[in-house]
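Shown next, in structure tokens, is the structure this report addresses.
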Amino acid sequence: RISMKKIKVSFDTWIHLLGMIGVLGGLVFVGLEMRQSQQIALAAQQQARTEIFTGILNSVNESSDVSFYKILSKVEANEPLTTSEKKIAENYAMQRVWIFENDFIQYQAGLIDENVWLVKLFGIRTIASLCHFRDAVEYLLEYTTSELSQLVSIRPKSECE
């Protein structure tokens, strides 16, 4: 035979228990809000990057008779560029270094996830490997942190001459 004893719980104990449950609920709510805020920040960063690249394309549309795609195709094939195309290519390379520096800072702050970061890193390494972009990339990387510039290997000048 099991004896069941009644345990008396004071009113104060119930109040404390309800208070703790309220605090835990508040913490869960704050955690969910922080997660949502981070997702919004990630989406905003992607939107900002998209606007930057759209701006680059628009500036080329306004200043050149050749499409940006055609210029990049010539750069990748290491074909000669006109004076206008060379200016566009060098400016693009410099913009990409600045964007990369910004992406690096955002990555370190946790605003860019690992997969997006790896794509960004591949992109800047590709840009640094192209002869037409070489001088502009090298120039700007001199003004970044050594940690950042060590992530990018610039093509040697001897391979571009």
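Remember, predicted model here, so these are calculated numbers, not experimental data. Just so you know, residue 1 is the first one in the sequence shown, and it goes up from there.
With sequence neighbours excluded, the residues satisfying ring pair (Phe, Tyr, Trp, His ring centres under 6.0 Å) with Phe100 are Trp117. Among residues two or more places apart in sequence or in another chain, the ring pair (Phe, Tyr, Trp, His ring centres under 6.0 Å) test is passed with Tyr143 by Tyr139.
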Which is it for Leu148 and Glu101 under the side-chain contact (heavy atoms from CB on, under 4.5 Å) test, yes or no, and what are the steps along the way?
CA-CA 7 Å; Leu148 181 69; Glu101 181 179 35; 3.8 Å; yes
Go through the steps to decide whether Leu118 and Phe122 satisfy the test side-chain contact (heavy atoms from CB on, under 4.5 Å), and finish with yes or no.
CA-CA 6 Å; Leu118 292 175; Phe122 176 79; over 6 Å; no
For Leu130 and Glu76: C-alpha separation, side-chain torsions, deciding distance, then whether side-chain contact (heavy atoms from CB on, under 4.5 Å) applies.
CA-CA 6 Å; Leu130 299 170; Glu76 287 178 9; 4.1 Å; yes
The test is side-chain contact (heavy atoms from CB on, under 4.5 Å); show your working for Glu147 and Gln108 and say whether it passes.
CA-CA 12 Å; Glu147 183 181 12; Gln108 288 184 317; 3.5 Å; yes
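Alongside Val30, the hydrophobic cluster contains Met34 (criterion: ILVMFWY side chains under 4.5 Å). Under the 4.5 angstrom side-chain criterion for Ile, Leu, Val, Met, Phe, Trp and Tyr, the cluster partners of Leu32 are Val28.
Taken from CD in Glu159 to CZ in Arg134, the straight-line distance is 9.5 Å, to the nearest 0.5 Å. Expressed to the nearest 0.5 Å, how far CD1 of Ile88 lies from NZ of Lys70 amounts to 14.5 Å. Atom CG of Asp135 and atom CE of Met94 lie 11.0 Å apart (nearest 0.5 Å). Atom NZ of Lys120 and atom OH of Tyr107 lie 14.0 Å apart (nearest 0.5 Å). To the nearest 0.5 angstrom, Ile99 atom CD1 is 11.0 Å from Gln106 atom CD. The structure places OG1 of Thr13 at 11.0 Å from CG of Leu18, a figure rounded to the nearest 0.5 Å.
A distance-only check finds a donor-acceptor pair linking the side chain of Glu85 to the backbone of Thr82 [under 3.5 Å]. A donor-acceptor pair under 3.5 Å is formed between the side chain of Arg125 and the backbone N or O of Leu151. Between the side chain of His132 and the backbone N or O of Glu79 there is at least one donor-acceptor pair closer than 3.5 Å.
Applying the disulfide bond (SG atoms under 2.5 Å apart) test to every pair with at least one member in residues 63-114, sequence neighbours left out, gives no pairs at all. Applying the disulfide bond (SG atoms under 2.5 Å apart) rule to pairs touching residues 99-131 yields Cys131-Cys160, sequence neighbours excluded.
Taking each heavy atom of Tyr92 and Leu72 in turn, the nearest pair found is CE2-CD2, 3.9 Å. Between Arg96 and Ile124, the shortest heavy-atom distance links the atoms O-CD1, 3.8 Å. Between Val152 and Ala128, the closest heavy-atom pair is CG1-CB, 3.3 Å. Lys74 and Leu81 get closest at one heavy-atom pair: CB-CD2, 3.7 Å. Considering all non-hydrogen atoms of both residues, Ala93 and Val137 come closest at CB-CG2, 4.2 Å.
Residues Val119 and Trp98 do not share a hydrophobic cluster, defined by chaining ILVMFWY side chains whose heavy atoms lie under 4.5 Å apart.
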